[in-house]
Amino acid sequence: MYNRKDYVSDSDWSRFLEFSKDLPTPNIVVNLNTIKKNFIRLQSSFPYAKIYYAIKANPGEPVLKMLAEKGSNFDIASRYELDLIKKFVDDPNRLSYGNTIKKAADIKYFYENGIRMFATDSKDDLKNIAENAPGSRVYVRILVENADTADWPLSRKFGCHPDMAYDLLVLAKQLGLNPWGISFHPGSQQRDIGAWNDAIAKAKYLFHSLEEEEGIRLQMIDMGGGFPASYVDPTNDLETYASEITRFLTEDFGDELPEIILEPGRSLVADSGILTSEVILCSRKNNTALTRWVYIDAGKFNGLIETLDECIKYALVTTKDGDKEGEVIIAGPTCDSMDVMYENTRYKLPITLKQGDRIYWLSTGAYTSTYASVAFNGFPPIKTYYM
């Protein structure tokens, strides 16, 4: 259905097939070399920015170790991620607590471990930071209006209106904190580069008005992630994103850019992963049905949660590619009617596909290995291997 060579080179595919041939399915194989190349490419595209890898995208220890050795900083979502990254990073200045939803006890735990940079978007959270992490740098996350053009939007739950962000930064100073900057996230797999332009303009407004009216000089903009991975729907390449975003920044801030932070996750690790699933059953719901149901041993509860509402559309490769194809509905193995990955988006798979054949899900290195149930229906979490 898809040209595998558009996603994985011949040499990497050969290495993957040899590496994975005896592994039980379902499984994910992550190519660490791909992540390394993506990190270097991102550095070169945004030479003025600091990279804080979003651990949640793929918290595999080999991934974290390699990125730490390459000099990456890290965006942390929980105390458990903090405990994990401490194995590879000694300097707490390379870490940021980027979750705006956090317990007071967790703020204290981060502070006790040397973390001094915290995200926020609400008054009560800000007060918790002041009480449990005195004197720390804080940056306020603002809402991004155009986030619905992302394949996986991140608006509504996170961020606040710029007017509230203004008030929070003023309050931060009053509480003895260091009002450090503004953050935003345009949405994961954001295909509209203009989303960054709108958010940067709002950040510029806050920088200017806070300095003019309150004497608060902000130092940093955290632009989140949102850069693309290689799924089915087309996107611009990273260099186009970088060129346009750099232009937006320069138009608003001139040659005196504030500190710029990026929090990539998907764009670094997604293309590194291949999820291997096995066909359990192919069936039709009546004798004249034109569409087959293909049931596999991975599903929404075991690695493929981002097919929820068919938001992320993965490219698929099978062991029968080249044979005549027909429309299918693709579903997982659990006794839950929600465990259907693609029904409205009609994928076509070989009509010769049968029990025991393999379906390879490309670009599955992000939000698959841990974004899953522990044991729904008794199925264990999908296992990840590192190549």
Side-chain angles (χ1 to χ4, degrees), residues 7-8 12-13 15-20 22-43 51-90 94-99 152 188-189 225 227 229-231 262-277 297-307 312 314 360-375 379-387:
Y7 299 87
V8 184
D12 281 347
W13 184 250
R15 288 179 59 229
F16 159 74
L17 290 177
E18 178 62 26
F19 181 91
S20 65
D22 297 322
L23 300 178
T25 64
N27 66 68
I28 301 166
V29 173
V30 170
N31 186 340
L32 293 171
N33 284 337
T34 300
I35 300 174
K36 184 186 296 184
K37 290 176 184 176
N38 288 343
F39 182 80
I40 293 170
R41 184 184 178 199
L42 187 64
Q43 279 184 315
I51 298 174
Y52 280 70
Y53 171 62
I55 294 174
K56 57 186 173 286
N58 187 325
E61 292 196 11
V63 175
L64 301 182
K65 182 176 185 294
M66 185 269 292
L67 287 175
E69 291 172 351
K70 295 299 294 181
S72 180
N73 304 302
F74 295 88
D75 169 63
I76 306 172
S78 72
R79 65 190 299 158
Y80 310 103
E81 288 187 350
L82 174 57
D83 290 341
L84 187 59
I85 196 59
K86 280 163 56 181
K87 299 177 184 178
F88 309 107
V89 175
D90 295 325
R94 293 172 63 183
L95 309 177
S96 169
Y97 198 175
N99 193 346
W152 195 265
S188 196
Q189 195 72 5
F227 305 126
S230 301
Y231 299 129
L262 305 177
E263 292 178 359
R266 188 185 305 279
S267 63
L268 285 187
V269 298
D271 295 348
S272 72
I274 299 174
L275 188 154
T276 301
S277 61
D297 60 0
K300 280 184 177 173
F301 303 102
N302 201 17
L304 295 170
I305 187 61
E306 288 201 317
T307 61
I312 299 297
Y314 299 102
Y360 302 101
W361 299 66
L362 308 183
S363 302
T364 45
Y367 303 108
T368 50
S369 58
T370 59
Y371 207 160
S373 69
V374 173
F379 292 107
I382 194 166
K383 188 159 185 179
T384 304
Y385 302 86
Y386 299 90
M387 183 174 73

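- By the side-chain contact (heavy atoms from CB on, under 4.5 Å) test, Ala57 is found to be paired with Tyr53, Val269, Tyr367, residues two or more places apart in sequence or in another chain being considered.
- Of the possible polar contacts, none joining the Ser267 side chain to the Pro264 backbone as a donor-acceptor pair under 3.5 Å is found.
- Here Glu61 pairs with Lys87 under the side chain to side chain donor-acceptor pair (under 3.5 Å) rule; sequence neighbours left out.
- To the nearest 0.5 Å, atoms CZ (Phe227) and CG (Leu42) are separated by 6.0 Å.
- For the atom pair CZ (Phe19) and OH (Tyr385), the distance works out to 8.5 Å, reported to the nearest 0.5 Å.
- Listed here is the closest heavy atom pair of Phe39 and Gly71: CZ-C, 4.4 Å.
- Annotation: side chain to side chain donor-acceptor pair (under 3.5 Å) contacts of Ser277 (sequence neighbours excluded): Trp361.
- With Asp75 contributing its side chain and Ala54 its backbone, the two residues share no donor-acceptor pair below 3.5 Å.
- Atom-to-atom distance recorded for Met387:CE and Glu18:CD is 11.0 Å, nearest 0.5 angstrom.
- The minimum heavy-atom distance linking Ala298 with Leu275 is given by the pair CB-CD2, 4.0 Å.
- Side chain of Ser369 to backbone of Thr384: no donor-acceptor contact under 3.5 angstrom is found.
- Residues forming a side-chain contact (heavy atoms from CB on, under 4.5 Å) with Thr370 (at least two apart in sequence, or on another chain): Pro59.
- Atoms CD1 and CD1, from Ile312 and Ile305 in turn, are 12.0 Å apart once rounded to the nearest 0.5 Å.
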>> Run Leu82 and Tyr97 through side-chain contact (heavy atoms from CB on, under 4.5 Å) and show every step you take.
In response: CA-CA 9 Å; Leu82 174 57; Tyr97 198 175; over 6 Å; no
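- Evaluation of the side chain to side chain donor-acceptor pair (under 3.5 Å) rule for Thr276 yields no partner, not counting sequence neighbours.
- Under the salt bridge (Lys or Arg N to Asp or Glu O under 4.0 Å) criterion, Arg94 pairs with no residue, sequence neighbours left out.
- For the salt bridge (Lys or Arg N to Asp or Glu O under 4.0 Å) test, no residue two or more places apart in sequence or in another chain qualifies with Lys383.
- When all heavy atoms are compared, the tightest approach of Ala366 to Glu306 is O-OE1, 4.3 Å.
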Could you go through residues 22-37 and list every donor-acceptor pair under 3.5 Å that involves a side-chain atom there, pairing it with any protein atom two or more places apart or in another chain?
residue	atom	partner	partner atom	Å
Thr25	OG1	Asp297	OD2	2.7
Asn27	ND2	Pro24	O	3.1
Asn31	OD1	Asn33	N	3.0

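- In this structure, Lys70 has no salt bridge (Lys or Arg N to Asp or Glu O under 4.0 Å) partners at least two apart in sequence or on a different chain.
- Between Leu67 atom CG and Phe74 atom CZ the span is 5.5 Å, to the nearest 0.5 Å.
- By the side-chain contact (heavy atoms from CB on, under 4.5 Å) test, Ser363 pairs with Tyr7, Ser230, Tyr231, Asp271, sequence neighbours left out.
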>> Run the side-chain contact (heavy atoms from CB on, under 4.5 Å) test on Glu81 and Asn99 for me, step by step, so that the C-alpha distance in whole Å, both residues' side-chain angles and the decisive distance to 0.1 Å come before the verdict.
In response: CA-CA 11 Å; Glu81 288 187 350; Asn99 193 346; over 6 Å; no
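- Shown here are the ring pair (Phe, Tyr, Trp, His ring centres under 6.0 Å) partners of Phe16, two or more places apart in sequence or in another chain: Trp13, Tyr360.
- Applying the salt bridge (Lys or Arg N to Asp or Glu O under 4.0 Å) criterion to Lys300, with sequence neighbours excluded, gives no partner residue.
- One distance of note links OH of Tyr52 with CG of Leu95; it measures 8.0 Å at 0.5 Å rounding.
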